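A quick write-up on the structure given underneath.
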Protein chains: 2
Amino acid sequence: MSCETVSKRDQILRTAWRLFESQGYHATGINQIIKESGVPKGSFYHYFPEGKEGLAVEAIEAISEGISNKLDEVCTSQDDSVVAMAGMIRHIAQRLEETGYREGGPLTTVALETATTNERINEACQQAYGKLHGVLAGHLEEDGFTPDDAAELSTTILAGIEGGILFSRTFHSTRPMEQLARQLEETLTRQRNQAREQVT
Amino acid sequence: MSCETVSKRDQILRTAWRLFESQGYHATGINQIIKESGVPKGSFYHYFPEGKEGLAVEAIEAISEGISNKLDEVCTSQDDSVVAMAGMIRHIAQRLEETGYREGGPLTTVALETATTNERINEACQQAYGKLHGVLAGHLEEDGFTPDDAAELSTTILAGIEGGILFSRTFHSTRPMEQLARQLEETLTRQRNQAREQVT
DNA sequence: GTCTATAATACGATAGAC
DNA sequence: GTCTATCGTATTATAGAC
């Protein structure tokens, strides 16, 4: 049977994703993943013959797809990409709060843990963040920023968000994310208006 | 003998600090720490009866002291705190590059790994980041920002730096940190000038 | 394809000789 | 105070029955 309502493979992937997000890569063991997903160990290695590392790479790719689509969706539904960004940040803050500050930054911890210690996972993280950066920069361009400014701003914005996630998780508070949203909204709006003036 | 040129205790602390910084908390084992610091296992548990967790807390406290002093020093030596911040960011970028993107964000990874899974270490991280935030906010106030603005800006700046460290480490490039420095310099200078105008 | 039992190894921590 | 040998218990991964 290669198909069910939710395949066992997806069940493993989902559980792993959640655990990597809340605990990090090294603190999450295969035993915990199979226990919480209710899948026997043998099946796990049948679906993921490359073990924990292969699982992590696939989980990151799935996460990447999900959050890039989400970001694109939010930015498209709002004609003002700056307002959309602030909304996105507040949305993450809400998710952080709801989960007891365990979930809300799906890649942050794993990316840092593996940046210089696991080449395959690091590559997956680079692709994931690269994709996010591309989506955001694209929307900023559509919104009046020059390509160079949009690219540089995207980096700064994403860095702010990742750092905000770090602080909100560390202090168990949505405040850092809220302050970030307000600051970005203010700064970016001014910066964009300036950019638009130069064009006309 | 409780005193040498560099006590064994400090040697352990230093090695642990470096390994936690580059690999994270969970990926760093006691065995590796004692091996690289050249201290027998028995001695380790003599000096750190609370084991790995106690060691981490002490390492974070030592790190906190070091980077807060460094930040204070840099901000004091420069009469313009905004320029000082940009210099600080470029200094971190240089250290990241020199160490192959292994060192440069001493707390970032550990803080995320333990945010919701280890209360003692999380508290140590809160204190460390709180101290940094206080130092930075103080200098921004001296530099013309209102207390409220200074506090909120400090959060945003530190978040940007932590996120910048994440991206520079992930992409093995100083570019994210360089872009961040430029953006902050520009944005903060404008914001400060506006704040000063409102006073007069 | 599915699952259990187990291998091989590493972990943090300790006991006890010196 | 200093160090070695070792204890349980984790870990990832596999072998082999069904």
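Proteins get letters first, then strands, A, B, ... in listed order; numbering begins at 1 in each. Bear in mind the structure is a predicted one, so any value in this text is a computation, not a measurement.
- Interface residues of residues 106-122 of chain B facing DNA chain D, ordered by number: none; criterion, heavy-atom separation under 4.0 Å.
- By the 4.0 Å N-to-carboxylate-O rule, B/Lys70 lies too far from B/Glu65 to be salt-bridged with it.
- For the pair B/Arg14 (side chain) and B/Gln11 (backbone), a donor-acceptor distance under 3.5 Å is absent.
- Nearest to the side chain of B/Asn31, among C/dT4, C/dG12, D/dC3, sits C/dG12.
- Heavy-atom distances to DNA chain D give each of B/His46 and A/Gly29 a nearest nucleotide, and the one nearer the 5′ end belongs to B/His46.
- A salt bridge links B/Arg90 with B/Glu185: at least one charged nitrogen is closer than 4.0 Å to a carboxylate oxygen.
- Only at 4.0 angstrom or more do the heavy atoms of residues 12-26 of chain A sit from any atom of DNA chain D, so none qualifies.
- Side-chain polar atoms of A/Gln127 and A/Glu123 form no donor-acceptor pair below 3.5 angstrom.
- The OH atom of A/Tyr101 sits 7.0 Å away from atom CG of A/Leu96, with the distance rounded to the nearest 0.5 Å.
- The side chain of B/Ile30 lies closest to C/dG12, out of C/dG12, C/dA5, D/dT11.
- Classification of B/Glu21 and B/Arg102 as a salt-bridged pair fails, no side-chain N sitting under 4.0 Å from a carboxylate O.
- Between B/Ile33 atom CD1 and C/dA10 atom P the separation is 17 Å, expressed in whole Å.
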#### Entry: Dot-bracket encoding of pairs in DNA chain C, which uses [ ] for pseudoknotted crossings and | for another strand, Watson-Crick or G-U under 3.5 angstrom
||||||||||||||||||
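- Taking 4.5 Å as the limit, some side-chain heavy atom of A/Phe145 sits within range of a side-chain heavy atom of A/Leu153.
- Contact check, B/Ser43 against D/dC3: a side-chain N or O comes under 4.0 Å of OP1 or OP2.
- Between B/Glu103 and B/Arg18 there is no salt bridge, since no side-chain N of the basic residue sits under 4.0 Å from a carboxylate O of the acidic one.
- Listed for the B/Glu58 side chain is no donor-acceptor partner under 3.5 Å among the backbone atoms of B/Leu13.
- By the neighbour-count criterion of 12 heavy atoms within 6.0 Å, atom CZ of A/Arg175 is sparsely surrounded, having that number or fewer from other residues, nucleotides or ligands.
- Set against D/dT12, D/dC3, C/dC11, the side chain of B/Lys8 has D/dC3 as its closest nucleotide.
- Not one N or O on the side chain of A/Thr187 forms a donor-acceptor pair closer than 3.5 Å with the backbone of A/Leu184.
- Position along DNA chain D of the nearest nucleotide to A/Gln32 versus A/Tyr45 favours A/Gln32 as the more 5'-ward residue.
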